[in-house]
Novice: 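I'd like to ask you about the structure that follows.
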Amino acid sequence: MSKQVIVIGAGIVGASIAWHLAKAGAEVTVIADSSAGGVATPNSFAWINASWGNPEPYFRLRTFAMAEWTRLAQDLPGIPLQWCGGLCWDLPPAKLEAYAAEHSAWGYGIERVGNQRAALIEPNLAESPDLALYVAEEGVAEPVAASQALLADAERRGARIITGKAVTGLVQSGGKVTGVEMPGERLAADEVVIAAGAGAPAIAATAGIDVPIETPPGLIAHSRPYRKLLNGLVLAERLHMRQTAQGRIIAGSDFGGADPGMDAEATARDLFAATKAMLRGADGLELDFHTVGYRPTPIDGFPIIGRAEGVPGLYVAVMHSGITLAPVVGLFATREILDGERDPLLAPYGLERFGS
Ligand SMILES: Cc1cc2nc3c(=O)[nH]c(=O)nc-3n(C[C@H](O)[C@H](O)[C@H](O)COP(=O)(O)OP(=O)(O)OC[C@H]3O[C@@H](n4cnc5c(N)ncnc54)[C@H](O)[C@@H]3O)c2cc1C
């Protein structure tokens, strides 16, 4: 008999887990108090990368995830994935060189580029950097469309998708999680997956489990759709930008978004002015709106993916970099939930690392 699994969350993480479970034959129910597409997910910059600042084990998980995006897009051709490349010079030259040396040794496809090559990669930059690193294998998955494609295909494979409904607690019986509680209703399952982003700690707490995360805000400015100005991701000092599939230039002071400050509107206007100044041919580019997303970030910065020790029937998947990691989380969580196999790449990311 197939396993019944409830996935709480319809963002990119829940959508990927639900799709992989449904594809593997589980009987899946997704429950979310948002619409299909999630909460942090629609506000993401959505850069798929294994770029600087990560220790090697995390780099390995991220590069595995990047390869898995290609596999996912082959399995599900509706996934809006583009390997558009990333041009990066958001570190001082010495740190940029150190990042290039370290990650090249790990096998990351980094090209060291000067002014002229940078201008060929992104011809509409008002000023090309003297030294930048170009990674052709970095890319973007439009996050809401990707989540919706995964959920729609999961539904086609028999999953039930319930949106606009909150889970108020986990149901436990005999020391095991056996389902979820919603206002006026209980649903039973063999396994419950918490893929609820910033909502995860409150749900886990109902079973006495601590999921230690922070939720820093990140502001992204969005232009109106415009003619093609950018070929890929531009990660300049204090300004990261890309052009979406709809033609919008989106920008943050960092890919994780700018600090909105006291006046988010003013922050968005300043950011947009800086973005416009960096681009040639952007005279008619107009600010349309800004978003402020709250990044579900475990307190040590690394993902939480795995079972809650001592509480059978429960799996937790909460992370920043959820866009990069989504395919691998779906794949590995499904193997662990259905077959009891934990991939060694997940070893550092259990909830137990935070203690009881
Ligand atoms: C500004 C910004 C920039 C980012 N840039 C990048 C980037 O460049 N690259 C990258 O890889 N990552 C990036 N991230 C991070 C990435 O977007 C997130 O890690 C990812 O979207 C998290 O997905 P999720 O599905 O876990 O959460 P969410 O999208 O937040 O979804 C959570 C789901 O859980 C549901 N939920 C919560 N509580 C309950 C409840 N009690 N009952 C029912 N449903 C519930 C919600 O309704 C929602 O459906 C960025 C994030 C932000 C905000």
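In each ligand, atom 1 is the first atom listed, and ligand 1 is the first ligand listed.
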Novice: Can you confirm if the NZ or CZ of R62 lies within 45° of the ring axis of Y58 and under 6.0 Å from the centre of its six-membered ring?
Specialist: yes
Novice: Examine the side chains of E138 and Y108 and answer whether a donor and an acceptor come within less than 3.5 Å of each other.
Specialist: yes
Novice: With heavy-atom distances below 4.0 Å as the criterion, list the atoms of ligand 1 near N43.
Specialist: 1 (C), 2 (C), 52 (C), 53 (C)
Novice: N/O to N/O below 3.5 Å, does that happen between A166 and ligand 1?
Specialist: no
Novice: Is there a heavy atom of A198 sitting under 4.0 angstrom from any atom of ligand 1?
Specialist: no
Novice: Which value, rounded to the nearest 0.5 Å, describes the distance between I17 atom CD1 and I337 atom CD1?
Specialist: 6.5 Å
Novice: Atoms of ligand 1 less than 4.0 Å from G38 heavy atoms?
Specialist: 29 (O), 31 (O), 48 (C), 49 (O)
Novice: Shortest non-hydrogen contact from V292 to L219?
Specialist: CG2-CD1, 4.1 Å
Novice: In the protein, which heavy atom is nearest to atom 23 (O) of ligand 1, and how far is it?
Specialist: T41 OG1, 3.3 Å
Novice: Looking only at protein heavy atoms, which one is nearest to atom 9 (N) of ligand 1, and what is the separation?
Specialist: W47 O, 3.0 Å
Novice: Using only atom types and a distance under 3.5 Å, with no angle test, would you say the side chain of S104 pairs donor to acceptor with the backbone of A101?
Specialist: no
Novice: Give a yes-or-no answer on whether the side chains of E137 and W83 include a donor-acceptor pair shorter than 3.5 Å.
Specialist: no
Novice: Give the atom numbers and elements of ligand 1 that come within less than 4.0 Å of a heavy atom of G293.
Specialist: 53 (C)
Novice: Given P212, which partner from the list V318, D300, I304 fulfils the side chain to side chain contact (heavy atoms under 4.5 Å, CB included) test?
Specialist: I304
Novice: Between A46 and ligand 1, find which residue part has any heavy-atom pair under 4.0 Å and reply side chain, backbone, both or neither.
Specialist: backbone
Novice: Once rounded to the nearest 0.5 Å, what's the spacing between atom NZ of K276 and atom CG of D283?
Specialist: 6.5 Å
Novice: Below 4.0 angstrom from a heavy atom of A10, which ligand 1 atoms are there? Numbered from 1 as shown, please.
Specialist: 33 (C), 48 (C), 49 (O)
Novice: What is the closest protein heavy atom to atom 17 (O) of ligand 1, and at what distance does it sit?
Specialist: S44 OG, 2.9 Å
Novice: Measure across F255 and H320 and return the closest heavy-atom pair with its distance rounded to 0.1 Å.
Specialist: CE1-NE2, 3.8 Å
Novice: So, regarding A32 and ligand 1 (criterion: nitrogen or oxygen to nitrogen or oxygen, under 3.5 Å), is there a contact or not?
Specialist: no
Novice: Can you tell me the protein heavy atom closest to atom 41 (N) of ligand 1 and the distance?
Specialist: V167 O, 3.0 Å
Novice: Check each of W52, Y99, F59 against W106 using the ring-ring contact (aromatic ring centres under 6.0 Å, His included) test, and report the only one that passes.
Specialist: F59
Novice: Which atoms of ligand 1 sit under 4.0 Å from any heavy atom of V13?
Specialist: 23 (O), 24 (P), 25 (O), 26 (O)
Novice: Please state which protein non-hydrogen atom is closest to atom 53 (C) of ligand 1 and give its distance, to 0.1 Å?
Specialist: R295 CG, 3.3 Å
Novice: Which option out of A141, G199, G164 puts a heavy atom nearest to atom 38 (N) of ligand 1?
Specialist: G199
Novice: Taking it one step at a time, do K165 and E185 satisfy salt bridge (Lys or Arg N to Asp or Glu O under 4.0 Å)?
Specialist: CA-CA 11 Å; K165 268 207 168 175; E185 195 179 352; 2.8 Å; yes
Novice: Identify the protein heavy atom lying closest to atom 45 (C) of ligand 1, giving its residue, its atom name and the separation to 0.1 Å.
Specialist: D33 OD1, 3.3 Å
Novice: So is F255 polar-close to ligand 1, meaning N/O to N/O under 3.5 Å?
Specialist: yes
Novice: Among all protein heavy atoms, pick the one closest to atom 12 (N) of ligand 1 and tell me residue, atom and distance.
Specialist: S321 CA, 3.3 Å
Novice: Is K165 near ligand 1, meaning one of its heavy atoms is under 4.0 Å from it?
Specialist: yes
Novice: Do Y315 and E336 meet the criterion of a side-chain donor-acceptor pair at a distance under 3.5 Å?
Specialist: yes
Novice: Pull out every atom of ligand 1 sitting under 4.0 Å from any heavy atom of S34, numbered as shown with elements.
Specialist: 46 (C), 47 (O), 48 (C), 49 (O)
Novice: Is there a nitrogen or oxygen of V39 sitting under 3.5 Å from a nitrogen or oxygen of ligand 1?
Specialist: yes
Novice: Can you pull out the closest protein heavy atom to atom 37 (C) of ligand 1? Residue, atom name and distance to 0.1 Å, please.
Specialist: A196 O, 3.2 Å
Novice: Do other residues, nucleotides or ligands put more than 12 heavy atoms under 6.0 Å from R238 CZ?
Specialist: no
Novice: Atom SG of C84 and atom CD1 of I121: how far apart are they, to the nearest 0.5 Å?
Specialist: 12.0 Å
Novice: Heavy atom under 4.0 Å from ligand 1: found in I203's side chain, backbone, both, or neither?
Specialist: side chain
Novice: Which ligand 1 atoms, with their elements, are less than 4.0 angstrom from a heavy-atom of G9?
Specialist: 33 (C), 34 (O), 35 (C), 49 (O)
Novice: Classify the angle between the aromatic ring planes of F64 and F332 as parallel (below 30°), tilted (30 to 60°) or perpendicular (above 60°).
Specialist: tilted
Novice: With respect to P296, determine whether any N or O atom, backbone or side chain, lies less than 3.5 Å from an N or O atom of ligand 1.
Specialist: no
